[in-house]
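Given the structure is predicted, the values throughout are model-derived calculations rather than measurements.
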Amino acid sequence: MKRFRLFKLIQSLLLLVLAALSLYLPFRAGAVPSGFSLASGSFILCLIIWILCICSFIFILIDMFLLQKFDSEHLSLSNLTYKDTLTGLPNRTSCDSILFQCIDNDTFKDIGLVLLRLDNLEDVNKAEGCPRGDVLLVNFSKLLSRVGMPYGNVVRNNSHGFAIIIRDGHMPVLNQFAESFQKHVSSYNQSGQTPKIMYSISMVDNSIDNHTTPRDLVGYASHHLEKVI
């Protein structure tokens, strides 16, 4: 895409050069030369150049329109691929992408991973209906984003689970997040807002556990979360 934009820029510059050349002959020295007429070779050359310039300009406009349309469609597809439509958070695909980037940057060994599960989501869906369950999900994600984003990347991991990927996420940092989030959840529940939030949490400091792949890291945290539940 960058090369294509560069090509369009070069094409535009070429258009300007051709337009300048087509004006040079008939208007140099501030006047039209005496030998310059509609039937002269100079006029025909200028006419051809101007036709090419106009055609090139039209093609550039078309290309820019198509490029803008492509960018819009690409953004829309990216949102569908990497974002959860209900909460607006990055989804599991985005989570995997972030973890693999950490491997590429050789920072995976210092990753801290936090998994959270909404324990009462299924109960709310059954007792009050899925719309109320969606309210619970949205409220939980907003609360998690407010507390978690200063620490790292907040993602929706699955239907009732969320994750936070923290670079340099050693255990003191993970504990600090967990304590802060628990305080916010307690304040939310005590404020009388419904549905109330009930959740479980699992934290992994990879500098201690030394997992080498995202699958191992997430699998270990998920297994630990099931034990907590």
Centres of the Tyr151 and Phe181 rings: under 6.0 Å? no

To check you understand the geometry: which heavy-atom pair defines the closest contact between Ala221 and Ser202, and what is its length? O-OG, 3.0 Å

Test side chain to side chain donor-acceptor pair (under 3.5 Å) applied to Asp216 and Thr213, step by step: CA-CA 5 Å; Asp216 291 341; Thr213 67; 3.1 Å; yes

According to a hydrophobic-cluster definition based on side-chain heavy atoms being under 4.5 Å apart (Ile, Leu, Val, Met, Phe, Trp, Tyr only), do Val135 and Leu86 belong together? no

Hey, is the main chain of Leu89 close enough, under 3.5 Å, to the side chain of Thr87 for a donor-acceptor pair? yes

Asn91 side chain to Ser94 backbone, donor-acceptor under 3.5 Å: yes

Can you tell me if CD on Glu122 sees more than 12 non-hydrogen neighbours from other groups inside 6.0 Å? no

Apply side-chain contact (heavy atoms from CB on, under 4.5 Å) to residues Leu121 and Phe140 and explain how you reach the verdict. CA-CA 10 Å; Leu121 178 61; Phe140 184 80; over 6 Å; no

Measure the spacing between CG of Leu113 and CD1 of Ile165 and express it to the nearest 0.5 Å. 6.5 Å

Testing the 3.5 Å rule here: is there a donor-acceptor pair between the side chains of Asp205 and Ser207? yes

Trace of the side-chain contact (heavy atoms from CB on, under 4.5 Å) decision for Leu115 with Ser222: CA-CA 7 Å; Leu115 293 186; Ser222 299; 3.5 Å; yes

Any side-chain heavy-atom pair from Val173 and Asp168 closer than 4.5 angstrom? no

Can you check whether Ile197 reaches Leu143 side chain to side chain, under 4.5 Å on heavy atoms? yes

What's the shortest heavy-atom distance between Phe108 and His211, and which atoms? CE2-O, 3.1 Å

So, for Ile111 and Cys102, which heavy atoms are closest and what is the spacing to 0.1 Å? CD1-SG, 3.5 Å

Check the pair Ser180 / Gln176 against side-chain contact (heavy atoms from CB on, under 4.5 Å), numbers first and verdict last. CA-CA 6 Å; Ser180 177; Gln176 183 182 31; 5.7 Å; no

As a quick check of understanding, evaluate side chain to side chain donor-acceptor pair (under 3.5 Å) for Ser186 and Gln182, giving each step before the final call. CA-CA 6 Å; Ser186 297; Gln182 178 57 46; 3.0 Å; yes

List the atom of Ile164, the atom of Gly148, and the distance in Å for their closest heavy-atom pair. CD1-CA, 3.9 Å

Heavy-atom neighbours of Arg215 CZ exceed 12 at 6.0 Å: no

Could you tell me if Arg132 and Asn125 have a donor-acceptor pair between their side chains, going purely by distance under 3.5 Å? no

Kindly compute the distance separating OG1 (Thr93) from CD1 (Ile98), expressed to the nearest 0.5 Å. 11.0 Å

Non-hydrogen side-chain atoms of Leu116 and Leu144 separated by less than 4.5 Å: yes

Side chains of Asn120 and Leu136: does their closest heavy-atom pair fall under 4.5 Å? yes

Name each donor-acceptor pair under 3.5 Å that joins a side chain in residues 154-161 to protein atoms two or more places apart or in another chain, with its distance.
from, atom 1, to, atom 2, distance (Å)
Arg156, NE, Asn158, O, 3.1
Arg156, NH1, Asp84, OD1, 3.1
Arg156, NH1, Asp84, OD2, 3.1
Arg156, NH2, Ser159, O, 2.6
Asn158, OD1, His160, N, 3.2
Asn158, OD1, Gly161, N, 2.6
His160, NE2, Arg117, NH1, 3.0

Same cluster or not: are Val185 and Phe177 linked, directly or through other Ile, Leu, Val, Met, Phe, Trp or Tyr residues, by side-chain heavy atoms under 4.5 angstrom apart? yes

Give me the atom names and distance for the closest heavy-atom approach of Phe162 to Ser141. CE2-CB, 3.9 Å

Please name the pair of heavy atoms, one in Arg92 and one in Val218, separated by the smallest distance, quoted to 0.1 Å. NH2-CG1, 3.7 Å

Met198 reachable from Leu118 in the ILVMFWY side-chain graph, under 4.5 Å edges: no

With side chains defined as the heavy atoms from C-beta onward, is the minimum distance between Leu174 and Val114 less than 4.5 Å? yes

With Asp106, which residues qualify under salt bridge (Lys or Arg N to Asp or Glu O under 4.0 Å), at least two apart? Lys109

Identified side-chain hydrogen bond (donor to acceptor under 3.5 Å, both in side chains) counterpart of Arg167 within the set Asn153, Thr107, Asp110: Asn153

